[in-house]
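Bear in mind that the values here come from a model prediction, so they are computed numbers and not experimental data.
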Amino acid sequence: LHSFELLINRANALRMMMVSENSRNAAENEIGIPTKKRIKLIDLGSGAGRLVVYGALIKGGVSGWDIHGIEISSELHFLAQEILERAISENLFTGESEISGSVENIGSVWLHLGSAKLCASRGLLNDADIIFCYSTAFSAPDFCVEWGAPMLSLEWSELLSASCSKGCLVVTTDMVLNPHHGWELLEKIEVDNPILLGSVGYIHTLERKRDVM
C-alpha cells in the first residue's frame, strides 16, 4: 500500500507540474484552458479492490479524487463490492451505495466489471488523469532497449494510447509501455514489494495519440 501511495503521489506531482506549465503557456498565448476540479484515478486490474478502497480512503471525498477500479474477474469484482459495502457499514466512507448493472458506486468510488478494452469502449479511460496498473505478472514478450526494461505486450500500449487523452499519466510496475505508441517515460522509482525482493514503478505520459490499428 505504501508503494502504491508513493507512486500515485509522485505521478500527481508530475501531473500538477505539467498542468502548471500548460497554464503558463496558455497565458503567454492568451489561450483559455478548461479547469478540472476533480482528479480521476483508475486502478486497471483492481482485483478484490484493495488499492481502490485504500485510494479512496486517502484521496477520495474531500480530497477531490474519483477512484475507479476495473476488473475482468466477476468473482473478484463481487468480492470487491462486498469489501466496499463493509467499509460503508463501518463508516469509513460517506454516501450511499448505488449498484447498476456491472458498476457499483459509493461516494467517490466506482467498481467496473469487464475487460480494459470493454471499459475503454465505454469511454471510461478518456478523461483519466492517472492510471495505475500492477503489471508485474503481465506478459512481456519484448525488451525496451531505450528504457532498459521489459516491455508490456503491444495490445496494452495500443489500447491505452488510443483510449487516453494526451497528458494522461500511466504508472506500471516492472514493465514499460511501448515508446512507439506515443508514451514518454518521465520517471522510474524503486519501491518495496513484499511478494518480490522489490519492484520498479514506471511513470509514463501520453505525448501523442495513436489510433488502434
Asker: Would Leu124 and Lys40 count as a side chain to side chain contact (heavy atoms under 4.5 Å, CB included) here? Give the steps.
Answerer: CA-CA 10 Å; Leu124 183 60; Lys40 185 174 183 179; 3.6 Å; yes

Asker: Look at the side-chain heavy atoms of Ile, Leu, Val, Met, Phe, Trp and Tyr, link any pair under 4.5 Å apart, and say whether Tyr202 and Leu154 land in one connected group.
Answerer: no

Asker: Could you walk me through whether Trp65 and Ser108 pass side chain to side chain contact (heavy atoms under 4.5 Å, CB included), step by step?
Answerer: CA-CA 7 Å; Trp65 289 55; Ser108 57; over 6 Å; no

Asker: Using every non-hydrogen atom in the two residues, find where Leu185 and Trp147 come nearest and quote the distance to one decimal.
Answerer: N-CZ2, 3.4 Å

Asker: Nearest heavy-atom pair of Ser74 and Leu113: which atoms, and what distance?
Answerer: CA-CD1, 3.6 Å

Asker: When you check the side-chain N and O atoms of Ser157 and Asn178, is any donor under 3.5 Å from an acceptor?
Answerer: no

Asker: Distance from Thr205 atom OG1 to Met18 atom CE, nearest 0.5 Å?
Answerer: 4.0 Å

Asker: Is Leu41 linked to Ile39 within one hydrophobic cluster, defined over Ile, Leu, Val, Met, Phe, Trp and Tyr using a side-chain heavy-atom separation of less than 4.5 Å?
Answerer: yes

Asker: Is the closest side-chain heavy-atom distance between Ser89 and Arg86 below 4.5 Å?
Answerer: yes

Asker: Enumerate, atom names and distances included, each donor-acceptor pair closer than 3.5 Å involving a side-chain atom of residues 135-143, sequence neighbours excluded.
Answerer:
unit_1: Ser135; atom_1: OG; unit_2: Thr173; atom_2: N; d: 3.0
unit_1: Ser135; atom_1: OG; unit_2: Thr173; atom_2: O; d: 2.8
unit_1: Thr136; atom_1: OG1; unit_2: Thr173; atom_2: OG1; d: 2.9
unit_1: Thr136; atom_1: OG1; unit_2: Asp174; atom_2: OD2; d: 2.7

Asker: Heavy atoms only: give me the nearest Val52-Gly69 pair and the separation to one decimal.
Answerer: CG2-CA, 3.7 Å

Asker: Please identify each residue that fulfils side chain to side chain donor-acceptor pair (under 3.5 Å) with His204, with sequence neighbours left out.
Answerer: none

Asker: Would you say that Arg50 contacts Ile83 through its side chain, given a criterion of any heavy-atom pair below 4.5 Å between the two side chains?
Answerer: no

Asker: Taking all atoms of both residues into account, what is the closest heavy-atom pair of Gly167 and Leu169, and its distance?
Answerer: O-CD1, 3.2 Å

Asker: At their closest point, which heavy atom of Ala120 faces which heavy atom of Ser163, and how far apart are they?
Answerer: CB-OG, 3.4 Å

Asker: Same cluster or not: are Ile67 and Leu79 linked, directly or through other Ile, Leu, Val, Met, Phe, Trp or Tyr residues, by side-chain heavy atoms under 4.5 angstrom apart?
Answerer: yes

Asker: Do Tyr54 and Asp43 have side-chain heavy atoms sitting under 4.5 Å apart?
Answerer: no

Asker: Atom CG in Asn126, atom SG in Cys164: separation rounded to 0.5 Å?
Answerer: 8.0 Å

Asker: If two hydrophobic side chains count as joined below 4.5 Å and joins carry through other members, does Leu206 share a cluster with Met16?
Answerer: no

Asker: If you measure from CG on Leu160 to CG on Leu177, what distance do you get to the nearest 0.5 Å?
Answerer: 6.0 Å

Asker: Calculate, to the nearest 0.5 Å, the distance between atoms CD and NE2 belonging to Glu155 and His181 respectively.
Answerer: 11.0 Å

Asker: Between atom CG of Asn12 and atom CG of Leu7, what is the distance when rounded to the nearest 0.5 Å?
Answerer: 12.5 Å

Asker: Considering all heavy atoms of both residues, which atom of Asp192 and which atom of Ser3 are nearest to each other, and what is their separation?
Answerer: O-OG, 2.7 Å

Asker: If Ile, Leu, Val, Met, Phe, Trp and Tyr residues are connected whenever their side-chain heavy atoms lie under 4.5 Å apart, and connections chain through other members, are Val200 and Leu197 in the same group?
Answerer: no

Asker: Determine the interplanar angle of the His112 and His68 rings, folded into 0 to 90°, and report it as parallel if under 30°, tilted if 30 to 60°, perpendicular if over 60°.
Answerer: parallel

Asker: What's the spacing between Leu125 CG and Leu44 CG if we round to 0.5 Å?
Answerer: 7.0 Å

Asker: Are Leu111 and Glu71 side-chain neighbours, meaning at least one heavy-atom pair lies under 4.5 Å?
Answerer: no

